[in-house]
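To start, the structure under review is shown below, and the notes come after it.
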Amino acid sequence: QVQLVESGGGLVQPGGSLRLSCATSQTIFSINTMGWYRQAPGKQREVVADITSGGRTNVADSVKDRFTISRENVKNTMYLQMNSLKPEDTGVYYCSLNARPTKFSGGRDYWGQGTQVTVSS
């Protein structure tokens, strides 16, 4: 099994910044796309940004120019730098990745437990 650990969430005022991290604690044979998702109260989970193993990124229009996704393949770690935060960015942020834990495994998606981000004055 692949376990993901998110960190970096918290309470921040509008216009502030946070940096989320997502790390795996074990050796993984290969990781494909990694991504950040969020779920606001009463809403469905939505994709925020994702990044391929080659570094190509996709970012949701609602956060473009404010959020930056990155990854360190050597560390199996992904980041989400969030600037100019708005109250509508509030929600639980989840990291996800598609991975083959061993060379004998097929690829599947894994999810973290989520970290709360609250943007409020």
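Note that these values count all heavy atoms, side chains included, but never hydrogens, waters or copies made by symmetry.
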Notebook entry, point to check: For the atom pair CD1 (Ile28) and CD (Gln3), what is the distance rounded to the nearest 0.5 Å?
Noted result: 10.5 Å
Notebook entry, point to check: Any link between Val47 and Val92 through a network of hydrophobic side chains (Ile, Leu, Val, Met, Phe, Trp, Tyr) touching at under 4.5 Å?
Noted result: yes
Item checked: Min side-chain heavy-atom separation Lys86-Arg66 under 4.5 Å -> yes
Next item on the list: First locate atom CG of Leu18, then atom OH of Tyr93, and finally report the distance between them rounded to the nearest 0.5 Å.
Entry: 9.0 Å
Item checked: Tyr110 backbone acceptor or donor facing Ser96 side chain under 3.5 Å -> yes
Checklist line | Euclidean distance, Asp89 CG relative to Asn83 CG, rounded to 0.5 Å | finding: 10.5 Å
Notebook entry, point to check: Just wondering, are more than 12 heavy atoms of other shown residues or ligands nearer than 6.0 Å to CD in Gln81?
Noted result: yes
Margin query: Nearest 0.5 Å, please: how far is CG in Leu80 from CD1 in Ile51?
Written below: 10.5 Å
Check: Can you name the closest pair of heavy atoms from Pro101 and Ala99 and give their distance?
Finding: CD-O, 3.7 Å
Notebook entry, point to check: With no hydrogens and no angle check, is any side-chain donor or acceptor of Gln116 less than 3.5 Å from a backbone partner on Gly9?
Noted result: no
Notebook entry, point to check: Hey, does the side chain of Asn76 reach the backbone of Ala23 with a donor-acceptor pair shorter than 3.5 angstrom?
Noted result: no
Note to self: For a quick test of reading the model, state the closest non-hydrogen atom pair linking Cys95 to Trp36 and the distance between them.
What the structure shows: CB-CZ3, 3.8 Å
Notebook entry, point to check: Around Glu46, counting heavy atoms of other residues, nucleotides and ligands shown, do more than 12 lie under 6.0 Å from its CD?
Noted result: yes
Margin query: For Ser84 versus Ser17, what's the shortest heavy-atom pair and its separation?
Written below: N-OG, 4.3 Å
Notebook entry, point to check: How about Tyr37 and Trp111: are their ring centres within less than 6.0 Å of each other?
Noted result: yes
Notebook entry, point to check: Name the one of Thr52, Asp109, Thr33 that satisfies side-chain hydrogen bond (donor to acceptor under 3.5 Å, both in side chains) with Asn98?
Noted result: Asp109
Next item on the list: Check the hydrophobic clustering (I, L, V, M, F, W, Y; side-chain heavy atoms under 4.5 Å; chains of links allowed) and say if Tyr94 and Phe67 are grouped together.
Entry: no
Margin query: Quick one, Val2 with Thr24, criterion side-chain contact (heavy atoms from CB on, under 4.5 Å). Give me CA distance, side-chain angles, the key distance, then yes/no.
Written below: CA-CA 7 Å; Val2 175; Thr24 63; 4.2 Å; yes
Notebook entry, point to check: Under 6.0 Å from the six-membered ring centre of Tyr79 and within 45° of its axis: does the NZ or CZ of Arg71 meet both?
Noted result: no
Next item on the list: Report the C-alpha distance between Thr77 and Cys22 in whole Å, list the side-chain angles of each, state the deciding distance to 0.1 Å, and finish with yes or no for side-chain contact (heavy atoms from CB on, under 4.5 Å).
Entry: CA-CA 6 Å; Thr77 302; Cys22 174; 5.9 Å; no
Next item on the list: For Met82 and Val117, run side-chain contact (heavy atoms from CB on, under 4.5 Å): C-alpha distance rounded to whole Å, both residues' side-chain angles, the deciding distance at 0.1 Å, then the answer.
Entry: CA-CA 10 Å; Met82 305 186 294; Val117 172; 3.9 Å; yes
Check: Hey, mind stepping through Leu4 and Leu97 against side-chain contact (heavy atoms from CB on, under 4.5 Å) and telling me if it holds?
Finding: CA-CA 9 Å; Leu4 308 181; Leu97 57 83; 3.3 Å; yes
Next item on the list: For residues Ser120 and Pro14, report the shortest heavy-atom separation together with the two atoms involved.
Entry: C-CD, 3.6 Å
Next item on the list: Could you pull out the closest heavy-atom pair between Ser105 and Thr102, with the gap in Å?
Entry: OG-OG1, 2.8 Å
Check: Taking all atoms of both residues into account, what is the closest heavy-atom pair of Gln113 and Glu6, and its distance?
Finding: N-OE1, 3.1 Å
Next item on the list: With rounding to the nearest 0.5 Å, note down the distance linking CG in Leu20 to CE in Met78.
Entry: 9.0 Å
Margin query: With rounding to the nearest 0.5 angstrom, report the NZ to CZ distance, Lys43 to Arg38.
Written below: 8.5 Å
